[in-house]
Trainee: 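This is the structure, below, for whatever I ask next.
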Amino acid sequence: MTPESFEPRIIAFLCTWCSYRAADEVGKARQPYPAAIKIVRVPCSGRVDPQWVLAALERGADGVIIVGCPKGNCHYKSGNLQALKRFALVRRLLQEMGIDTTRIRQDWVGAGDGEKLLSLFCGMVEDVRVKGPLAAL
Amino acid sequence: MTGLMVRGLGSMTKPKIAFYWCASCGGCEESVLDLGEALLDLADRIDIVFWPIALDHKFEVITRLEDGELLATLINGAIRTEEQARLAILFRKKSKILIAHGSCAHTGGVVGLGNLHSDAELLQTIYVDLPTVENPGLLIPGVGSGPLPGEMELTHLHHPVLPLNRLVPVDYVLPGCPPTPELVESALRSLLDGSMPSPSSILGDSKALCDSCPRRPTLEEGIAIKRFKRLHEEAWDSETCFLTQHFVCMGPVTRGGCNARCIRGNMPCRGCFGSLDGVLDQSAKAVAFLAALMHAEEAREAGEVADTIPDLVGLVSQYGLAASVLRRKERGA
């Protein structure tokens with residue numbers, strides 16, 4: 001499969017308070033974002049259960065990105081910190097199991113920063129397109 | 001169930017039970033032998049038609065049975081070889097009730113960690129590379145490697161290692177490495193009394209081990225760990241919760257029912273009873289739990305704390321790798 005013919009599937013977990021609003025900003029500005037990104041809105045990035053990351057990969061996602069509120073701006077004060085700690089271990093788990101951990105990303109985007117979210121999305125889609133599909137678990 | 005038993009076998013016949021072992025260490029057999037005198041009582045009420053550790057029966061005993069003629073078979077061990085797979089399928093066909101006996105049959109157990117390597121790597125390590133091995137001919141099991149003349153073939157490894165329910169439908173699970181004799185006895189008595197719980201139950205507690213742990217009162221709130229301690233590094237207190245002492249204990253994310261025997265032996269839980277109902281992946285659940293104990297404000301800091309766990313898979317999937325979502329490292333094999 002050539003990179004051109006491969007359309008990745010990437011699950012983006014966005015928190016409802018910052019990153020999902022940033023996605024809204026992108027929409028309001030009528031800026032297109034890659035169809036490869038499938039957004040799942042969650043109350044908080046700290047709500048993303050590591051099981052969901054594995055479930056996404058098992059069901060055919062080629063990458064997962066978790067985006068929460070910037071440091072110090074979590075609506076629930078420390079939810080994004082929880083997400084950060086979980087991510088460190090999930091990444092390690094996938095690495096030890098031989099999965100390319102650049103397929104799993106985490107970042108922080110403020111409600112008004114649609115530009116940053118868009119560039120995260122585009123960058124990830126392009127990277128994963130080059131990597132090709134994730135081998136079936 | 002009694003009705004079923006009587007209809008199936010005639011009221012004068014004792015119900016037939018079989019025990020079989022796949023890739024296991026023998027600990028699950030101990031969990032049956034450890035019933036002691038209770039075993040003699042049970043043996044009067046059942047007809048044990050197959051039990052390799054104790055009785056010299058041939059496989060023809062099983063192949064000759066009608067389908068479903070066995071009231072139950074308890075299979076321990078993971079599916080590691082093609083032969084084990086074939087026999088597990090045979091026992092499933094001949095049994096009304098199939099019970100996965102112990103961690104390896106339940107979730108792959110320690111045997112499942114073989115899924116971190118290819119078959120070739122495993123055989124090379126075990127038969128050639130280990131320092132205690134003397135194998136000048138570099139013989140590796142396979143075709144033609146027998147000591148007798150003529151070509152012989154050993155069973156092939158089954159890749160990946162499977163827990164029993166990934167191969168055949170399993171009716172009940174006796175969890176644990178090994179299950180406690182109490183659980184085994186209670187399962188056998190329930191089978192005979194027809195009082196088994198609803199199908200596909202796991203015959204342990206429905207709550208986490210932490211809930212029934214004798215050290216629970218010493219579990220502190222707000223644990224913030226910068227370095228996970230390891231047991232060989234320093235001494236630990238025999239009364240205080242392991243987590244409070246910053247040693248990893250899987251009690252909060254592991255099914256109870258083991259009488260906290262490791263904790264009572266002053267060792268932390270490693271998760272052999274598997275996860276609680278509704279959990280998709282034991283390792284992911286453990287990761288979420290460990291993350292909550294960590295102290296970190298930045299990604300770099302979180303990485304450093306994570307680094308203090310040198311073998312994360314070996315910790316969170318010690319008993320469950322073969323049943324986990326990631327299940328094996330060697331893909332496409």
Side-chain angles (χ1 to χ4, degrees), chain A residues 11 13 42 44-62 64 66-68 70-74 76-108 132-137, chain B residues 113 115-118 160 222-226 228 248 253 275-276 278-317 320-333:
Chain A
I11 302 297
F13 292 108
V42 290
C44 175
S45 56
R47 178 65 186 88
V48 178
D49 188 324
Q51 294 186 106
W52 302 353
V53 175
L54 299 190
L57 298 179
E58 186 182 34
R59 294 176 197 192
D62 301 296
V64 174
I66 302 162
V67 192
K71 193 184 173 196
N73 281 331
C74 176
Y76 305 102
K77 291 201 165 60
S78 60
N80 54 1
L81 208 57
Q82 181 67 14
L84 177 136
K85 294 188 286 182
R86 283 181 172 183
F87 188 74
L89 289 179
V90 170
R91 222 170 152 269
R92 181 64 51 89
L93 185 71
L94 292 170
Q95 186 184 19
E96 289 186 13
M97 290 304 291
I99 291 172
D100 173 5
T101 50
T102 59
R103 291 178 183 273
I104 314 295
R105 298 182 184 186
Q106 183 174 59
D107 219 308
W108 320 103
L134 177 69
L137 298 184
Chain B
L113 291 173
N115 285 352
L116 290 170
H117 305 276
S118 68
I223 293 172
I225 298 178
K226 285 187 173 166
F228 286 101
V248 175
V253 286
S275 45
L276 291 156
V279 172
L280 168 76
D281 189 280
Q282 186 180 15
S283 61
K285 209 68 196 166
V287 154
F289 144 69
L290 292 172
L293 300 172
M294 287 167 47
H295 175 87
E297 305 257 331
E298 308 279 350
R300 183 188 48 79
E301 229 181 326
E304 283 169 9
V305 184
D307 281 344
T308 67
I309 302 175
D311 174 15
L312 185 63
V313 169
L315 177 69
V316 297
S317 291
L321 185 66
S324 73
V325 169
L326 299 170
R327 77 194 107 218
R328 67 193 192 274
K329 189 167 176 180
E330 295 291 326
R331 293 169 208 290

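None of these values were measured; they are calculated from a predicted model. Every chain is numbered from 1 and lettered A, B, ... according to where its sequence line falls, protein lines coming before strand lines.
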Trainee: In terms of heavy-atom proximity below 4.5 Å to chain A, should B:N115 be classed as side chain, backbone, both, or neither?
Mentor: neither
Trainee: I need the A:I66 CD1 to A:W52 CH2 distance, nearest 0.5 Å.
Mentor: 10.0 Å
Trainee: Could you check which of A:R86, A:E96, A:Q82 has the highest count of heavy-atom pairs closer than 4.5 Å to chain B?
Mentor: A:E96
Trainee: Any side-chain heavy atom of A:F87 within less than 4.5 Å of one from A:P50?
Mentor: no
Trainee: Hey, does B:I225 have a side-chain heavy atom less than 4.5 Å from the side chain of B:V248?
Mentor: no
Trainee: Check each atom of B:L116 against the heavy atoms of chain A and say whether the ones under 4.5 Å are side chain, backbone, both or neither.
Mentor: side chain
Trainee: Heavy-atom distance under 4.5 Å to chain A: side chain of B:E298, backbone, both or neither?
Mentor: both
Trainee: At a heavy-atom separation under 4.5 Å, does B:V316 approach chain A through its side chain, its backbone, both, or neither?
Mentor: side chain
Trainee: Is there side-chain contact between B:L326 and B:V313, with heavy atoms separated by less than 4.5 Å?
Mentor: no
Trainee: Once rounded to the nearest 0.5 Å, what's the spacing between atom OG1 of B:T308 and atom CE of B:M294?
Mentor: 7.5 Å
Trainee: Spell out, as yes or no, whether a donor-acceptor pair under 3.5 Å connects the side chain of B:S324 to the backbone of B:R327.
Mentor: yes
Trainee: So what's closer than 4.5 Å to chain B heavy atoms on A:L57: side chain, backbone, both or neither?
Mentor: neither
Trainee: Give the minimum heavy-atom separation between B:S317 and B:S283, together with the two atoms involved.
Mentor: OG-CB, 3.3 Å
Trainee: May I ask you to name which of A:R91, A:Q106, A:K71 has the most heavy-atom pairs under 4.5 Å with chain B?
Mentor: A:K71
Trainee: Heavy-atom cut-off 4.5 Å, strictly under: side chain, backbone, both or neither for A:L81 against chain B?
Mentor: side chain
Trainee: Checking heavy atoms, do the side chain of A:D49, its backbone, both or neither come under 4.5 Å from chain B?
Mentor: side chain
